[in-house]
Number of protein chains: 2
Amino acid sequence: MTKQRHPEYTCSMEAALSVISGKWKVKILNQLMDGPRRYSEIRRSIDGMTEKMLSQQLRELEEDKILTRKVYPEVPPRVEYAFTELGKELASIFYALEKWGAHFLTVNSDTIKVADASCYTFREPVAEAV
Amino acid sequence: MTKQRHPEYTCSMEAALSVISGKWKVKILNQLMDGPRRYSEIRRSIDGMTEKMLSQQLRELEEDKILTRKVYPEVPPRVEYAFTELGKELASIFYALEKWGAHFLTVNSDTIKVADASCYTFREPVAEAV
DNA sequence: CCGTATCCCATGCGATACTG
DNA sequence: CAGTATCGCATGGGATACGG
C-alpha cells in the first residue's frame, strides 16, 4: 500500500500546481531549458540540493511525463534528462510567473529582500507553425 | 524573534511561487475573480477549509499586497476582500496554468484521476488601454 | 459575523552513509 | 557517474475551542 503521489484532484489547476510545487522542481526544469542535461550537470548547477532530492524530483517529473530519462549504456554511465512536449509547454508559464514575481518584488521591496532578481532563463517560446 | 515568512529569495521566480503555493491560496483568489467577497462568502464557497486557514491565508495575501481588506463599521460586522492591481495580474497566469493542467491531465489520464476538470474561473484579462 | 489560540500530526526536506 | 537507504527534524495544515 504505497502512498499515492496524486491522490485525486478536484480540478486541473490543482493538478498543475502539484507538478511545479516543491522546493526544487522549477530549478531543475530551468536547467533543461537549453537542451538535455546530465544528472551531474544538474546537480552541480543547483546550489544546496542533495542528491536524494535531485533523483527523487527527477523520478517524479519523469512519472508525470514532464521530462524523459535516457540511459546511455557506456562506462562510465551517462544519463540525460530532457523535456517532453508537455514539459516544454511550461516554459511560457514560468516566463510569465517570473515576470510577475519581479513586479511583486518591486511592490514589496520594503519588506522582502532578494539576492538576484532574475536567475532563471525561461523564455517566451518561439512561434511555431500550426 | 518571530519567524519571517519571506526569508530572502534568490530570485523573483522563487518569490512568485511563495505567493501562490499552499493548499488554499489559489482557491481563495479564485473567489475574488468576479469582484470583492466577504469573509463568510469565501468560507462557504471553499469546501473543507477551516476558518483558521482562511484567515491566515487572507492575512498573508494582504501582507503581500495581493488583496485588500476593507472593514465596514456596521453591526453585524462586514469585511470585504478584493484584488489589488498586483493581484489582478495573476489572473492570466492562473488561466494559463489551468489550461496547462488540463493538458497535463489528458497526458496522464491513465494514472491520475480528477473529479472536475475545470472548477476555476480564471480568464484572460480584458484588454486595457495603455 | 469575523475571526484567534492551542494542540497535534503528516509530510517535505536535510544530513549522512552506502551501492552498482 | 548516477544513484538509494535511513534517520530525524521543521513546517504546513487539521481539529477543536474560545473571543470581540
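Residue numbering restarts at 1 for every chain, and letters A, B, ... go by the order of the sequence lines.
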Per the end-axis method with five pairs at each terminus, what is the bend angle of the helix from C:dC1-D:dG20 to C:dG20-D:dC1, to 10°? 50°
Looking at the base of C:dG3, is there any donor atom on it, or on the side chain of B:K52, that sits under 3.5 Å from an acceptor on the other one?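 When only heavy-atom distances are counted, B:K52 does not reach the base of C:dG3 through any donor-acceptor pair under 3.5 Å.
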For B:E80 and B:T68, what are the C-alpha separation, side-chain angles and deciding distance, and is it a side-chain contact (heavy atoms from CB on, under 4.5 Å)? CA-CA 8 Å; B:E80 281 189 355; B:T68 59; over 6 Å; no
Quick one, B:E63 and B:R5 - any side-chain contact, counting heavy atoms below 4.5 Å?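 A side-chain contact under 4.5 Å exists here.
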For the pair made of [atom1] in [X] and [atom2] in [N], what is the distance, rounded to whole Å?
X     : N      : atom1 : atom2 : value
A:I42 : D:dC1  : CD1   : C1'   : 13 Å
B:I28 : C:dC2  : CD1   : P     : 15 Å
A:R43 : D:dA2  : CZ    : P     : 8 Å
A:E74 : D:dA2  : CD    : C1'   : 13 Å
B:W24 : D:dG13 : CH2   : C1'   : 9 Å
A:Y81 : D:dC1  : OH    : P     : 14 Å
B:L54 : D:dG13 : CG    : P     : 13 Å
B:I46 : D:dG13 : CD1   : P     : 13 Å

Selected nucleotide, minimal atom distance to [X] side chain, candidates [options]:
X     : options                : value
A:M53 : C:dA15, D:dG13, C:dC13 : C:dC13
A:V79 : D:dG13, C:dG14, D:dG3  : D:dG3
B:K23 : D:dA15, D:dA2, D:dG13  : D:dG13

Check whether any side-chain N or O of A:R38 sits under 4.0 Å from OP1 or OP2 of D:dC1, and answer yes or no.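 For D:dC1, neither OP1 nor OP2 has a side-chain N or O of A:R38 closer than 4.0 Å.
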Does OP1 or OP2 of C:dC2 have a side-chain N or O of B:S40 closer than 4.0 Å?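 True: B:S40 side-chain N/O within range (under 4.0 Å) of C:dC2 OP1/OP2.
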Once you round to the nearest 0.5 Å, how far does CG of A:L54 lie from NZ of A:K27?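 The CG atom of A:L54 sits 13.5 Å away from the NZ atom of A:K27.
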Between the CG atom in A:L29 and the CD1 atom in A:I20, the distance rounded to the nearest 0.5 Å is 9.0 Å
If you find the nucleotide of DNA chain D closest to A:P77 and the one closest to B:E51, which residue's nucleotide is nearer the 5' end?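 Here A:P77 is the residue nearer the 5' end.
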Closest heavy-atom pair, B:D64 versus A:F104, reported as atoms and distance to 0.1 Å, is O-CE1, 3.5 Å
Just by distance, do the side chain of [X] and the backbone of [Y] share a donor-acceptor pair under 3.5 Å?
X      : Y      : value
B:W100 : A:S12  : no
B:E14  : B:T10  : yes
B:N30  : B:Y120 : no

Determine all donor-acceptor pairs shorter than 3.5 Å in which one atom belongs to a side chain in residues 31-41 of chain B; sequence neighbours excluded.
residue : atom : partner : partner atom : Å
B:Q31   : OE1  : B:S45   : OG           : 3.1
B:D34   : OD1  : B:R123  : NH2          : 2.8
B:E41   : OE1  : B:R38   : N            : 2.7

Sorted by number, the residues of residues 55-71 of chain A with heavy-atom contact under 4.0 Å to DNA chain C: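 DNA chain C contact set from residues 55-71 of chain A: none.
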In one Ile/Leu/Val/Met/Phe/Trp/Tyr side-chain cluster, 4.5 Å: B:V75, B:V71: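 They do not share one cluster, since no chain of ILVMFWY contacts under 4.5 Å joins B:V75 to B:V71.
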Identify whether any heavy atom of B:G22 sits under 4.0 Å from a base atom; if not, whether one sits that close to sugar-phosphate; answer base, sugar-phosphate or nothing. sugar-phosphate
